[in-house]
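Structure record follows, encoded as structure tokens.
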Amino acid sequence: MPNVRFLPIDRSVHVRPGTSLLDAARRARVNIPTRCGGQASCFMCKVQVESGPVSEPNNKELSKMGELHLTGTRLACQAKVSESDVVIELPESPLKLAVRKLLAEQQEGKEGDNI
Ligand code: FES
């Protein structure tokens, strides 16, 4: 069974081919937020496929994501594990992102005071 590795938390799980990345995450006890229950409508389960093949985007995903899948960004509820290992990068949580932005702005302000 292929291995699915989730970064940056570095947690892995073996799943059967055809398992969605969202189900693989759940089995690995990795939290990927969802609001639509895997119906490809909330857009909250976006992940980045770092390496390894996953299924081609289906029509639902294509209609939501457009060409974004070409950059490796996929909906975890729609992309399925193939026969090979895959590495998935999880997005930073919105709260962490907001805190990091705020800290960076404060740092810029301090540096600006020194000029
Ligand atoms: S779970 Fe809502 S789009 Fe994937």
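Start at 1 and go down the list; that is how both ligands and their atoms are numbered. Since we're looking at a predicted model, the values are computed, not measured.
Taking the side chain as every heavy atom from C-beta outward, C45 and P33 never approach each other to under 4.5 Å. L62 places none of its side-chain heavy atoms less than 4.5 Å from the side chain of E56.
Atom CG of N59 is surrounded by 12 or fewer heavy atoms from other residues, nucleotides or ligands within 6.0 Å.
Within the model, atoms CE of M65 and OG1 of T71 stand 7.0 Å from one another, a figure rounded to the nearest 0.5 Å.
Not a single donor-acceptor pair under 3.5 Å links the side chain of H69 to the backbone N or O of R74.
Among protein atoms, those of element N, O or S found less than 2.8 Å away from atom 4 (Fe) of ligand 1 are C45 SG, C77 SG.
Under the 4.5 Å side-chain heavy-atom criterion for ILVMFWY residues, a single connected hydrophobic cluster contains both V49 and L90.
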